[in-house]
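Worksheet for the structure shown next.
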Amino acid sequence: MSDLHSLSLHQASSLLAGRQCSSEELVQALLKRIAAVDASVQAYVSLDAESALAQAREADRRRASGGSVDPLLGLPIAVKDVLNVDGQPCTCASRILEGYISPYDATCVARLRSRGAILLGRVNMDEFAMGSSTENSAFKVTRNPWKLDHVPGGSSGGSAAAVAADEALAALGTDTGGSIRQPAAFCGCVGLKPTYGRISRYGLTAFASSLDQVGPLTKTVQDASLLLRAMSGHDPMDSSSVDVPVPDYSLALRPDLKGMKLGLPKEYFVEGMDPQVESAVRAAVEQCRALGAEIVEVSLPHTRYAIAAYYVIATAEASANLARFDGVRYGKRVEGEDPIDMYGKTRAAGFGREVKRRIILGTYVLSSGYYDAYYLRAQKVRTLIRNDFLKAFETCDALLTPVAPTAAYRIGEKKDDPLQMYLGDIFTVTANLAGICGLSAPCGFTGGGLPIGLQILGPGFKEENILRVGHAYEQATEWRLKKPELKG
Amino acid sequence: MSATYAQSTDKIDVRYVAHLARLNLTEEEVVLFQSQLDQILAHVKELTALDVEGVEPTAHAWPVQNVFRADEPRACVDREKVLKNAPLERNGQFVVPKIIE
Amino acid sequence: MSPSNYRATVGLEVHVQLKTRTKMFCGCPTEFGELPNTNVCPVCLGYPGAMPVMNAEAIRLCVRTGLMIGCRINPYSKFDRKNYFYPDMPKNFQISQYDQPLCLGGEVEIEVDGRKKIIHVTRIHQEEDVGKNMHFESSSGIDFNRAGTPLMELVTEPEIESADEAFAFLLALKQILVYGNISDCNLEEGNLRCDVNCSVRPEGQKELGVKTELKNMNTFKGVHRALSYEIKRQIDVVSKGGTIRQETRRWDDAAGVTLAMRSKEYAHDYRYFPEPDLMPVVLPTAQIEEWRQQLPELPAARRARLIRDLGLPEYDAEVLVADKAVADYFEETARLCGNAKAASNWIMTEMLRALTEKGLAIGAVKIQPVALAGLIKLVEAKTINMPSAKEVFNILFEQGGDPESIVKAKGMVQVSDSGALETFADQAIAANEKVVADYKAGKKVALQFLVGQVMKLSKGKANPQVVMQILEKKLQ
């Protein structure tokens, strides 16, 4: 079978269950696809071909030995290179982690492994997940499979590009301010940022601990719900993981939206948005209405302060989280006369510009005399933003918004203007500040053929709401059937 | 407006902050970051337009408390793996330039 | 102005390693003396992606300390990151508590030269320890076994006014910590470490002088010496018109001086902010009350009880209570023999002497309370006399065992049978005519000599009281 690589997780799972293909064939098909197109897409940082084939053969043996099998058994998945995988590097797309071999599995990775999923390799990202275009990787610039001179979005750009280019059936990403949802929108795949605390962060190299969350990037909403369920649930190794039951999300997936009330936050439809994006999102809203949802306008009045609050909190936490990269215990090291000299040189050589910029900003907002004016104030604004959502969700089951003000842009276009880059995160950072869940689903294309994403935001621990909306909308449209044209 | 805020309207001292963060910067980086961070901070200062009097700060997205573990030993990580990751190792210790106290 | 016209103001920051099996935020053991970098894991090595989870026992022990010294237990407490770079610090931030520590207030009573004084405690907070540095010729090596060990920091108000008071405070605190089973307080293993803030000012001046911070004192004696030195140094400087620089000074124990540290660090800017990976501690009142119910008796209360209920003299109670293990041993012995004063006498004289001679702690001795109690009973029943009893004690101390068997094996049962003793008495009288004459002439002490002769004839087994009565009767 030559097109095994283009399957969704569910399609592949039923082929495996029906013995129509083996896991080994599936992995081989993906390796072949990667060999053919990754030279142009540049999604993978490192591929574990041999280990993936060995895992596949093991999965095939388990299946052959009979008994009940997990739907994930034998399904290959790509992992963002910010998650620790035992015995493998975890570069975070940074030179500073050169030579580091992780001695442990992140909890989400361990959970997928225990269900029989296959770890195919690690995909590119913005260095330490800091960025919105994957241009900040120390290793390579990942391309948007729909237009190779455009960015795939970021920071989980490698995950989104790999899924969109059929180089992975699904991938794990992380989302601190939109890093799953925005690249999913730019590459035309599904991206889910679960509620903060839903999936353990243990083993996720922290960027901003109070905002980071692991989530799947997939070809369908159904696939996202499958991976969400597999990874969710309380983890004693992560104090912020919340101990609430994990529902069977597939039960929420229905063809209609009858009885659902969906809100349109007026602050998310503003001037400066690409009109093509706005019309695609508005058309999607109409589609949801046609599927039976009631649409109401809501207000999230503190939205305009979100970027400022986000960049204060995220960089402050990052400045501490990244202090451990010092050349003492692991990773890169540049020798110095004394420890301080060694730190300064090691970190200068090991971190890229965006990371340095954010470390400086984060250090500054915490420093003596500035804490109250910046950090504490940002935390209070965070409360206001959170309250906005709590109020909106008193009347709505979910909110519909654009994911980003524009579709993917040209590589290099915004690289030298960090503020412009940050402002592009306006529709996504709010969910991280509020801790709620959000889904990005394809909702059209620009005239230039670039995908556009619809963001569906839901209350905390109500992923079933946004998966239901996303699934019904996806099934009623045909965006998912369109594939980028890649030579290979 | 508080006294601390008055201070915060000062320009960021990139060199000093970079030293606190143990980041050696090139002259070019100092100049570049100075202008970029000034711009970013100008945007961040919009936060001061908001009245946050009486608003509780949010440090955690969900109000979870009292998360403890029992005082029971767990397996340590293989010592060899740990030492293999060390950029410089001697007698099972991580070596750094001489610490002067 | 002469040195005696200056007053010193001292505050202590005491770091106490808690008695837990595992580290503060991970399950690595807290054992001492392993090969370097053995008791480590991704969490305590600050690996990418690792996350801390609070050790419940460490929180309990910190709160228990607070309850023992009368702190208010903070209804809402949280952890913060204290940011600074140092090679022994895996994450380059220390998880500590900044503005919401577990315990607030509290007090410890000290006594110096018979004068009692309350030293107020500002706060107690919980944090994690760092690794250990070792020095090679031209580089340093780090062992992270200790990194992440639960450390409780207790800060006093600046109410201590001399090296003696600081020393007394540390002894009193150690006693409390041992009584509460909170820390092993093993100074060699660094279980208890102390930083000192010290300033001097002329008598009558209200505002405090510029303070220095002293580090690197490894023993209580070291704290005493360092502080004595530093107070004198500061007075010397100030009385000659000089000024004290606010700085951190390192105690050089061998040289007996404090020296300004050469660190080129800027003024500290720790950039504290709430630790996002740890949730707040909001202890239910019922939990705190339960812990309060479980508090052990404090030394002062125990002293009072020994005096009141067991009728011990104040001095005995003071000596016994000073070491919890000794006091426990005493109470057990007293309970078993029913004679508190005798138990106290034995422990305060024979036992403490033997312990000092052998350099042993009471927990390590072979003689069990039940054996000592048995020995006391044998003396009470006049089965053996005092010299024999001391001999038995020494055997029990060296070898253990039970006193009855030793007495039997050694044939020490004292002879009170008047028939045998009268024969010995007659022999003694016959052999010492001159002494007998002296006695009869009114020299009463002469009788003691005759008693000694009878004891000798009985090979030490005679009951001296009975011998005395027989001799008196015969010489009337």
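Chain letters run A, B, ... following the sequence lines, proteins first and then strands; every chain starts at 1.
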Answer yes or no: is there a side-chain heavy-atom contact under 4.5 Å between C/Pro274 and A/Tyr375?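 Answer yes - side chains close enough.
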Among [options], residue most engaged with chain C (heavy-atom pairs, under 4.5 Å):
options	value
A/Leu83, A/Leu211, A/Asn84	A/Asn84
A/Pro103, A/Gly331, A/Ala206	A/Pro103
A/Leu97, A/Leu322, A/Thr363, A/Val328	A/Thr363
A/Val82, A/Thr205, A/Leu376	A/Thr205
A/Ser210, A/Gly203, A/Pro236	A/Gly203

Heavy-atom count around C/Lys211 NZ within 6.0 Å, excluding the residue itself: above 12?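 Open: at most 12 neighbouring heavy atoms sit under 6.0 Å from NZ of C/Lys211.
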C/Phe32 atom CZ: more than 12 heavy-atom contacts under 6.0 Å: yes
Please classify the contact of [X] with chain C as side chain, backbone, both or neither, using a heavy-atom distance under 4.5 Å.
X	value
A/Asp238	both
A/Ala106	neither
A/Asn321	both
A/Tyr202	both
A/Ala316	backbone

Closest non-hydrogen atom pair between [X] and [Y], with its separation:
X	Y	value
A/Ala320	C/Asn83	CB-OD1, 3.3 Å
A/Tyr104	C/Gly49	OH-C, 3.1 Å
C/Pro276	A/Arg201	O-NH2, 4.4 Å

Report which part of [X] has an atom under 4.5 Å of a heavy atom belonging to chain A: side chain, backbone, both, or neither.
X	result
C/Phe93	side chain
C/Tyr270	neither
C/Pro90	both

Does C/Tyr47 have its ring centroid less than 6.0 Å away from the ring centroid of A/Tyr330? yes
Specify which of C/Ile142, C/Leu278, C/Val53, C/Asn37 makes the most heavy-atom pairs with chain A at under 4.5 Å. C/Val53
Where does the angle between the aromatic ring planes of C/Phe85 and A/Tyr343 fall among parallel (under 30°), tilted (30 to 60°) and perpendicular (over 60°)? tilted
N/O donor-acceptor pair under 3.5 Å between C/Asp277 side chain and A/Ser209 backbone: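 No; zero donor-acceptor contacts below 3.5 Å.
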Could you tell me the separation between the CG atom of C/Asp269 and the OH atom of A/Tyr371, rounded to the nearest 0.5 Å? 12.5 Å
What distance separates A/Ser240 OG from C/Met51 CE, expressed to the nearest 0.5 Å? 4.0 Å
